[in-house]
Amino acid sequence: MAEQITPRAKDYSQWYIDVVLQSRLADYAPVKGCMVIRPRGYALWEKMRERLDVMFKETGHQNAYFPLLIPESFLRKEAEHVEGFSPELAVVTHAGGEKLEEPLVVRPTSETIIWAMYKKWIQSWRDLPLLINQWANVVRWEKRTRLFLRTTEFLWQEGHTAHATAEEAQEETLRILMVYKKFAEEYMALPVLAGIKSESEKFAGAVRTYAIEGLMQDRKALQAGTSHNLGQNFAKAFEVTFQTKEGGLDHVWATSWGVSTRLVGALIMAHSDDRGLVLPPALAPTQVALVPIFTNKNKTEVLGYAGKLAARLRAAHTVELFDDDQSSPGWKFAEAELSGIPVRIEVGPRDMEKGQVVLVRRDTLEKIPVPEKETESRVKSLLDDIQAGLFHRALAFRKENTRRIDDYEEFRGFMEGDGGFAESGWCGDAACEAKIKDQTKATIRVLPLGREPPEDRRCVCCGEQAKEIAVFAKSY
RNA sequence: CGGGCUGUAGCGCAGUGGUUAGCGCGCUCGGUUCGGGACCGAGAGGCCGACAGUUCAAAUCUGUCCAGCCCGACCA
């Protein structure tokens with residue numbers, strides 16, 4: 001018997017840790033707060049990265065790479081930025097056996113060093129827009145870490161763009177937000193709310209921060225991607241100016257945006273179950289687990305049959321053939337389920353006799369016998385069904401756990417109980433936001449885009465006229 | 001950074017002063033099995049978190065330290 005996964009209903013946090021460790025996505029590193037992303041976890045990140053990279057290129061961005069180490073003085077140039085990040089900086093003070101003239105910080109994000117370079121590269125409106133992305137690691141010294149969701153070092157992409165006008169920068173900020181939303185929904189099968197962050201949740205140095213927020217199975221929200229309109233804050237701090245068409249001199253307008261390996265955590269918490277991972281076919285490193293069922297007597301025939309089937313399927317899908325003769329079929333079934341492989345195919349002597357194979361879908365565990373000749377087409381449509389099914393199940397879950405609440409007592413009860421997304425009126429005052437956080441632990445996740453507050457809504461906290469509809473939840 | 005808990009085999013644990021420190025899973029070898037985590041037999045594997053004390057005798061008692069986990073505070 002393998003180790004058991006703690007059921008979600010018993011202890012959701014422990015379930016998450018069990019799934020990550022047992023499915024071998026990651027392991028704790030010998031450095032506090034750090035994790036090792038194991039081959040399976042990394043394969044999943046690679047699938048995400050591959051797809052996102054295409055989406056960034058399609059929207060005109062190019063990849064580049066900037067240094068890991070940043071002179072400490074660079075961070076100080078933008079007041080809010082340094083204030084926001086200084087508690088979580090790792091600083092290099094010694095190198096080459098000597099104390100450094102100026103300490104170097106390990107990047108918590110790269111705005112400062114990138115804008116120091118943009119100053120060199122941008123002179124004219126003809127140099128704009130400048131659309132650069134980098135895939136990199138960053139370090140933020142966190143007090144409390146969780147595998148994939150918050151670790152001291154993590155992998156991400158950070159886009160940094162420069163524009164001639166405020167309007168263009170705003171368009172870019174929203175364009176990327178929509179790229180993230182599309183990626184989350186179409187590839188991760190995770191429905192997300194896209195919206196703007198309140199002042200208190202804003203990125204240090206941004207004018208406006210937008211985010212996508214997903215609802216996990218424990219009804220806590222997870223921020224899955226952010227896109228910032230930086231206005232002219234960094235251009236001013238780093239003196240990045242350009243000559244306009246009209247001959248004037250202006251500071252450029254900036255954006256930055258990122259998603260991280262936290263997406264792997266989001267994926268796990270959105271879909272997986274007590275048997276292990278459940279992965280959407282669009283991102284699953286392995287789409288089909290082919291399990292031949294044989295004894296010593298018929299081993300050759302069954303493995304031959306399964307081998308041919310695997311070869312056929314590999315024309316269109318990634319297939320893992322579980323052909324070793326040391327572990328039992330039951331073991332292989334459990335292993336395929338733990339790994340989240342979307343479709344399992346069982347082929348044994350009984351199937352060979354009947355000219356069929358048995359398809360098993362990971363999300364519902366339903367077993368579907370199909371004629372052997374139709375395997376390819378049935379697998380393909382089943383993968384599509386699973387992808388759509390996961391999204392719709394997650395969407396239905398979000399709907400069930402989203403409530404319109406305008407009464408504060410009801411709000412408190414909601415957050416003390418199961419929780420979820422509360423759509424409530426908000427007067428816009430940070431004091432109400434802080435009071436709610438203090439009393440209920442719930443924060444404003446986003447002010448959803450495209451929803452004007454109706455005249456009759458009141459602030460859930462103080463009862464004044466609502467300026468916004470805010471989505472509140474407890475979050476990761 | 002505060003409060004609590006835990007450090008004994010790869011993992012999970014038992015062992016509260018007295019020979020050679022055990023159990024389950026995993027691992028190695030051999031054999032029988034194989035349609036939902038198979039079984040039998042034989043093996044390998046431990047400076048009992050570190051340091052210092054108490055004692056004839058310490059995994060066990062005392063102190064200090066270190067590490068990890070949980071709960072808070074903190075966190076784009």
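Proteins come first, then strands; the chains are lettered A, B, ... in the order of their sequence lines, and each starts at number 1. Quantities reported herein were computed from a predicted structural model and do not represent experimental measurements.
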Rounding to a whole Å, what distance do you find between [X]:[atom1] and [N]:[atom2]?
| X | N | atom1 | atom2 | result |
| --- | --- | --- | --- | --- |
| A:D438 | B:C74 | CG | P | 9 Å |
| A:L21 | B:G10 | CG | P | 17 Å |
| A:R350 | B:G36 | CZ | C1' | 12 Å |
| A:L303 | B:C34 | CG | C1' | 12 Å |
| A:E335 | B:G37 | CD | C1' | 9 Å |
| A:N296 | B:G35 | CG | P | 13 Å |

Could you tell me which nucleotide pairs with [N] by Watson-Crick or G-U wobble geometry, both distances under 3.5 Å, or answer none if nothing does?
| N | result |
| --- | --- |
| B:U54 | none |
| B:G24 | B:C11 |
| B:U6 | B:A67 |
| B:C75 | none |
| B:U19 | none |
| B:U32 | B:A38 |
| B:G45 | none |

Go through the structure and list residues passing side-chain hydrogen bond (donor to acceptor under 3.5 Å, both in side chains) with [X], not counting sequence neighbours.
| X | result |
| --- | --- |
| A:S339 | A:R40 |
| A:E372 | A:R312 |
| A:R361 | A:D363, A:T364 |

In plain terms, say whether A:E353 and A:R350 are close enough for a salt bridge, that is, a side-chain N and a carboxylate O under 4.0 Å apart.
-> no

Could you measure between the two [atom1] atoms, the one in [N] and the one in [M], and give it in whole Å?
| N | M | atom1 | value |
| --- | --- | --- | --- |
| B:C34 | B:G15 | P | 41 Å |
| B:C61 | B:G18 | P | 11 Å |
| B:C48 | B:A9 | C1' | 11 Å |
| B:C51 | B:A58 | C1' | 15 Å |
| B:C29 | B:G45 | P | 16 Å |
| B:G12 | B:C69 | C1' | 15 Å |
| B:U33 | B:G49 | P | 45 Å |
| B:U16 | B:G26 | P | 28 Å |

At less than 3.5 Å, do the side-chain atoms of [X] and the base atoms of [N] form a donor-acceptor pair?
| X | N | value |
| --- | --- | --- |
| A:D325 | B:C34 | no |
| A:K367 | B:G36 | yes |
| A:R275 | B:G37 | no |

Between A:S475 and A:E346, who's closer to the 5' end of RNA chain B by nearest nucleotide?
-> A:E346

Specify the residue among A:R344 and A:K202 whose closest nucleotide of RNA chain B lies further upstream toward the 5′ end.
-> A:R344

Of the nucleotides [options], which one has an atom closest to the side chain of [X]?
| X | options | result |
| --- | --- | --- |
| A:I293 | B:G36, B:A73, B:C34 | B:C34 |
| A:T295 | B:G36, B:C34, B:G35 | B:C34 |
| A:E142 | B:G37, B:C34, B:C75 | B:C75 |
| A:E88 | B:G37, B:C75, B:G35 | B:C75 |

With sequence neighbours excluded, give me every ring pair (Phe, Tyr, Trp, His ring centres under 6.0 Å) pair touching residues 194-221 of chain A.
-> A:H81-A:F203, A:F85-A:F203, A:F203-A:H228

Give [X] one of three labels, base, sugar-phosphate or nothing, depending on what nucleic acid heavy atoms sit under 4.0 Å from its own.
| X | value |
| --- | --- |
| A:P87 | nothing |
| A:W141 | nothing |
| A:E201 | sugar-phosphate |

Below 3.5 Å is the cut-off: list the nitrogen or oxygen pairs between protein and nucleotides 4-8 of chain B, distance only.
none

Can you give the donor-acceptor pairs under 3.5 Å from side chains of residues 273-280 of chain A to other protein atoms, not counting sequence neighbours?
unit_1, atom_1, unit_2, atom_2, d
A:D273, OD1, A:R275, N, 2.9
A:D273, OD1, A:G276, N, 3.3
A:D273, OD1, A:R362, NH2, 2.7
A:D273, OD2, A:R362, NH1, 2.9
A:D274, OD1, A:R8, N, 2.9
A:D274, OD1, A:R8, NE, 2.8
A:R275, NH1, A:E337, OE1, 3.0

A:T255-A:T161 side chain donor-acceptor pair, cut-off 3.5 Å = yes

Side-chain donor-acceptor pair present, A:D53, A:N63, cut-off under 3.5 Å | yes

Atom pairs under 3.5 Å, N or O on each side, protein against nucleotides 67-70 of chain B: can you list them with distances?
unit_1, atom_1, unit_2, atom_2, d
B:G68, OP2, A:K32, NZ, 3.4

So among A:E172, A:Q62, A:H160, which one has a side chain to side chain contact (heavy atoms under 4.5 Å, CB included) with A:L131?
-> A:E172

Could you name each residue pair satisfying salt bridge (Lys or Arg N to Asp or Glu O under 4.0 Å) that touches residues 284-301 of chain A, not counting sequence neighbours?
-> A:K299-A:D325

Might you list the N or O atoms of the protein lying below 3.5 Å from N or O atoms in nucleotides 38-41 of chain B, with each pair's distance?
unit_1, atom_1, unit_2, atom_2, d
B:A38, OP2, A:S328, OG, 2.4

Are more than 12 heavy atoms from other residues, nucleotides or ligands located less than 6.0 Å from atom CH2 of A:W141?
-> no

How would you list, by chain and number, every residue that makes a side-chain contact (heavy atoms from CB on, under 4.5 Å) with A:K119, sequence neighbours excluded?
-> A:E239, A:V240

The ring-ring contact (aromatic ring centres under 6.0 Å, His included) partners of A:Y305 (sequence neighbours excluded) come to none

Going by heavy atoms in the side chains, are A:E72 and A:L75 under 4.5 Å from each other?
-> no

Atom pairs and distances, donor-acceptor, side-chain atoms in residues 467-476 of chain A, under 3.5 Å, two or more places apart:
unit_1, atom_1, unit_2, atom_2, d
A:K467, NZ, A:C427, O, 3.4
A:K474, NZ, A:M415, O, 2.9
A:S475, OG, A:R445, NH1, 3.4
A:Y476, OH, A:D218, OD2, 2.4

